[in-house]
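Computed from heavy atoms alone, side chains included, the values below leave out hydrogens, waters and symmetry copies.
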Amino acid sequence: MNPAPQLKGTAADGLRRFATIWSRAVYPATATSMTRAEFEDYLHPLAVRLGDALHAHPFTPSPGREVGEALVAAHCTAPDALPQILGVVESYLVLYSAADTPLPVEEGRARCSRLQHAVAAGFAKALRERTRSEQEALSRAALAAQAAVEEALHTSETRFRTVFKDATIGIGIADMDGRIRDVNGALARMFNCSEEELRRRNVSEWVHPSDAPEVWRMHRELVRGERDHFRVEKPYHRPDGTVLWTNLTVSLLRGAEGEPRYQLALMEDITERRLLHLRLRYEATHDELTGLPNRTLFAERLERVLAGTGPTGRGNESRSGRFGLLYLDIDGFKAVNDSLGHAVGDQLLVSVAERLQSCAAAPNHLVGRIGGDEFVALISNPSGREEVTELARQALAALATPITVDGRDLSVRASIGIVEGSSGELGPAEVLRSADITMYRAKDSGGNRYEIADPVSDARAIDRHSLTNHLPGALERGEFFLEYQPLIRMSDSRLTGAEALVRWRHPVHGLLGPDRFIPLAEHTGLIVPLGRWVLEQAVRQACDWCAHPVLGGRAADGEPIRVNVNLSPRQLHHPDLVQDTVAVLERAGLTPASLCLEVTESALIGADEDELKPLRQLAEMGVDIALDDFGTGYSNLANLRRLPATTLKLDRSFTQGLQQHPADPVDVTFVGGIVSLAHALGLRVTVEGVETEAQAAQLRELGCDTAQGWYYARPAPAEEIVAHWATA
């Protein structure tokens with residue numbers, strides 16, 4: 001164990017207080033020779049170790065194992081010690097381990113839970129190793145007693161009786177037919193009966209259902225004289241119905257000619273030790289709140305099933321087959337904790353666990369809770385995919401009935417991801433990852449449903465995750481660049497401006513369009529710095545175009561070329577939008593009239609005056625505002641009067657019918673109506689996706705003001721725009 005670091009301020013005081021509380025709770029359950037004050041000093045560096053681990057980046061629970069081992073070394077091994085140890089960690093560690101950057105509440109609880117599991121695992125491991133050492137010492141003592149007994153039998157009946165009577169371990173002697181000839185007092189006390197009662201028994205009567213398969217095979221070999229001794233862990237029924245667990249050593253006593261004469265049994269009572277081990281094992285592998293198997297036990301069982309060694313549930317045999325795994329997450333559970341408190345949330349989780357267990361009651365079903373509001377169900381060797389999906393349907397149906405907690409009826413919805421396949425094809429981590437990904441696909445589809453995993457969807461999700469992780473550093477590494485698509489005045493095909501389009505030159509995936517990464521950037525918040533960079537680059541490029549000796553005066557009506565920049569919904573609601581835009585324009589020396597900001601129609605649906613205020617301020621400064629993808633947001637056309645827009649960009653889906661000849665009359669009527677309405681409101685109309693001459697002619701006839709599309713030019717680097725339009 002490393003020495004405690006020199007902490008300062010409240011962190012050191014808090015962890016010293018934590019060590020004091022820990023000492024008060026645990027000291028009565030120790031067998032240490034330390035005083036109370038010495039024990040508190042012993043716990044303090046362990047508390048610091050846990051506090052450091054709780055706030056470490058990256059987080060790892062491994063220090064908890066070392067703490068668990070150190071507690072066993074301090075003789076904190078009474079039956080009630082571990083619950084006391086873990087209870088204090090759960091209740092006080094997060095509270096008293098302060099840090100410069102506090103952890104989010106859920107993250108702190110999750111880390112503390114994993115540290116508790118690690119402490120329990122380290123505690124169990126150390127106790128198991130110490131127990132093994134004790135067993136070896138006892139075994140040596142037993143063998144020594146056995147040797148002493150054999151020597152006494154061969155030399156002196158008097159000496160034998162002395163050893164036999166005074167031995168602290170149970171000793172019994174039986175003939176080769178299994179009839180018990182003699183037992184000592186220690187053995188009688190272990191069985192809670194008299195020596196006379198034991199002498200009336202036969203060895204063959206002491207069969208127990210939990211006997212290991214090899215016990216009686218080795219006994220038969222000993223009776224036949226084929227082996228001289230064996231040692232096993234064996235249970236026995238006591239007359240009062242309780243179970244006695246023993247470390248049993250059986251030796252063959254031979255006569256002067258080497259013939260088998262007697263069986264000598266030496267027994268050590270390990271009942272309490274075994275019960276402690278079972279309790280520690282249970283606590284380390286089961287969720288404290290619900291009693292369900294936790295992540296550790298579930299992972300062990302899943303690994304066995306995937307390796308083809310798990311129980312099929314249809315008998316005692318084990319064989320390779322198929323598996324089904326359900327990954328369930330409660331929809332909106334965080335809202336329950338935030339609004340009603342964690343106590344209500346915990347009761348809700350207990351009720352959910354009970355309902356899931358009632359659905360998965362078959363021998364080949366296993367339900368576990370692996371953290372938070374996440375549950376899993378494993379089906380060993382299902383009869384087919386239908387058995388797996390049926391369990392998912394039953395789970396959703398069981399949760400459909402509201403759960404009553406503290407007089408409140410709480411509706412529960414859940415999303416389930418299903419992985420079903422052949423054992424041996426995937427590892428546990430791959431199966432859980434696939435189920436997790438599929439569960440989120442169900443959640444994204446509205447929740448309260450299940451989805452079945454498929455490799456294509458998994459690959460897309462993994463690809464999305466990879467791009468999301470790579471996004472933060474991509475801007476710093478210079479992986480983004482801009483292309484520009486010209487905007488053309490339809491009346492005379494003169495250049496009026498260009499729309500800036502961001503691209504990502506990914507080192508692994510190659511060239512990526514905005515549809516691959518803009519939604520990810522929007523979701524993570526990285527769209528704000530990325531959007532600011534796009535604005536800066538586009539404005540700087542507009543300045544270069546304006547200063548160009550030829551291109552600067554080639555725009556429609558002799559005005560400078562305008563640059564269009566897209567604004568995402570998150571950028572639109574960012575408090576520094578106006579300030580950042582003004583700063584970029586002033587640094588570059590570009591007039592506001594040379595900038596057009598494009599905002600999607602869907603981003604403005606239902607926007608109130610406060611949300612429209614930044615756009616109004618920019619419009620009042622002279623910045624053009626274009627309503628992008630118009631026609632896809634189902635907004636009220638009357639709302640156009642209140643929006644600070646100067647241009648409508650009609651979505652390409654409404655002009656595709658104009659590519660054919662003759663044009664679709666419905667599309668002609670629709671586009672004509674939109675153009676008339678826009679002009680009546682003083683708005684210009686830009687159409688996207690113009691690809692044919694016939695389409696361009698029809699849109700020009702309908703009165704559209706400007707257009708962009710492959711008919712005029714594809715998106716290209718800025719230098720190609722200059723090379724083409726300066727000579728056009």
Side-chain angles (χ1 to χ4, degrees), residues 104 332 334-335 338-339 444 446 471 475 497 499-500 502 514 517-539 542 562-588 590-651 674 677-686 688:
K334 184 176 184 299
D338 292 345
S339 59
D444 291 341
L471 260 175
L475 191 58
E499 180 181 359
V502 64
F517 60 87
I518 290 297
L520 303 181
E522 177 77 11
H523 178 71
T524 60
L526 293 169
I527 192 65
V528 174
L530 177 59
R532 187 181 297 115
W533 178 85
V534 170
L535 180 64
E536 291 171 347
Q537 299 299 310
V539 165
R562 185 180 63 188
V563 66
N564 287 30
V565 176
N566 291 281
L567 277 184
S568 76
R570 188 181 286 261
Q571 288 177 278
L572 182 61
H573 296 97
H574 194 274
D576 296 331
L577 172 62
V578 176
Q579 178 182 340
D580 286 349
T581 304
V582 171
V584 169
L585 290 171
E586 290 180 348
R587 280 198 302 270
L590 188 71
T591 62
S594 295
L595 174 64
C596 177
L597 296 177
E598 298 189 8
V599 183
T600 61
E601 178 191 12
S602 58
L604 296 182
I605 292 178
D608 57 26
E609 285 303 313
D610 287 339
E611 293 172 314
L612 293 176
K613 184 177 179 180
L615 288 182
R616 292 195 189 283
Q617 290 177 316
L618 291 170
E620 290 168 358
M621 292 168 44
V623 175
D624 277 345
I625 306 297
L627 197 58
D628 197 12
D629 296 336
F630 184 78
T632 62
Y634 306 103
S635 62
N636 188 337
L637 294 178
N639 285 336
L640 290 176
R641 298 175 63 93
R642 56 184 286 270
L643 298 179
T646 56
T647 303
L648 293 186
K649 291 193 71 174
L650 193 60
D651 186 72
I674 292 295
L677 175 63
H679 287 168
L681 295 173
L683 302 174
R684 296 186 297 272
V685 176
T686 298
E688 300 177 299

>> Nearest 0.5 Å, please: how far is CG in L648 from CG in D651?
In response: 12.0 Å

> What is the minimum heavy-atom distance between E598 and N566, and which atoms define it?
Replying inline: OE1-OD1, 3.2 Å

>> Restricting to salt bridge (charged side-chain N to carboxylate O under 4.0 Å, His left out), what partner residues turn up for R570, sequence neighbours left out?
In response: none

> Roughly how far, to the nearest 0.5 Å, is CG of L683 from NZ of K649?
Replying inline: 14.5 Å

Taking distance alone, no hydrogens or angles, what donor-acceptor pairs closer than 3.5 Å link side-chain atoms of residues 574-582 to residues at least two apart or in another chain?
unit_1	atom_1	unit_2	atom_2	d
H574	ND1	D576	N	3.1
D580	OD2	R532	NE	3.1
D580	OD2	R532	NH2	3.0
T581	OG1	L577	O	2.8

> How close do L612 and P644 get, heavy atom to heavy atom, and via which atoms?
Replying inline: CD2-CD, 4.3 Å

>> Let me confirm one number: the CZ-CD distance from R587 to E536, rounded to the nearest 0.5 Å.
In response: 5.5 Å

>> Show, in sequence, the C-alpha distance, side-chain angles and deciding distance for F517 and V502, and conclude whether the side chain to side chain contact (heavy atoms under 4.5 Å, CB included) test is met.
In response: CA-CA 10 Å; F517 60 87; V502 64; 3.8 Å; yes

>> Please report the interatomic distance CG(L530) to OG1(T524), rounded to the nearest 0.5 Å.
In response: 9.5 Å

> With sequence neighbours left out, what residues match T591 under side chain to side chain donor-acceptor pair (under 3.5 Å)?
Replying inline: S594

> Residues in side chain to side chain donor-acceptor pair (under 3.5 Å) with T647, at least two apart?
Replying inline: R684

> Which atom names give the shortest non-hydrogen contact between A521 and L471, and what distance separates them?
Replying inline: N-CD1, 3.8 Å

>> How long is the straight-line distance from CG of L535 back to CG of L567, given to the nearest 0.5 Å?
In response: 8.0 Å

> Is a side-chain N or O of T646 found less than 3.5 angstrom from the main chain of I625, in a donor-acceptor match?
Replying inline: yes

> What closest approach, in Å, do S568 and E522 show between heavy atoms, and which atom pair accounts for it?
Replying inline: OG-OE1, 2.7 Å

>> Can you give me the closest heavy-atom contact between S339 and A335, atom names plus distance?
In response: OG-O, 2.6 Å

> Is the backbone of A583 close enough, under 3.5 Å, to the side chain of E586 for a donor and an acceptor to pair up by distance?
Replying inline: no

> Under the side chain to side chain donor-acceptor pair (under 3.5 Å) test, which residues partner K613, sequence neighbours left out?
Replying inline: none

> What's the shortest heavy-atom distance between R562 and L595, and which atoms?
Replying inline: CG-N, 3.9 Å

>> Quick check for you: to the nearest 0.5 Å, what is the distance between D629 atom CG and E688 atom CD?
In response: 5.5 Å

> Excluding sequence neighbours, so at least two apart, what forms side chain to side chain donor-acceptor pair (under 3.5 Å) with H679?
Replying inline: D705

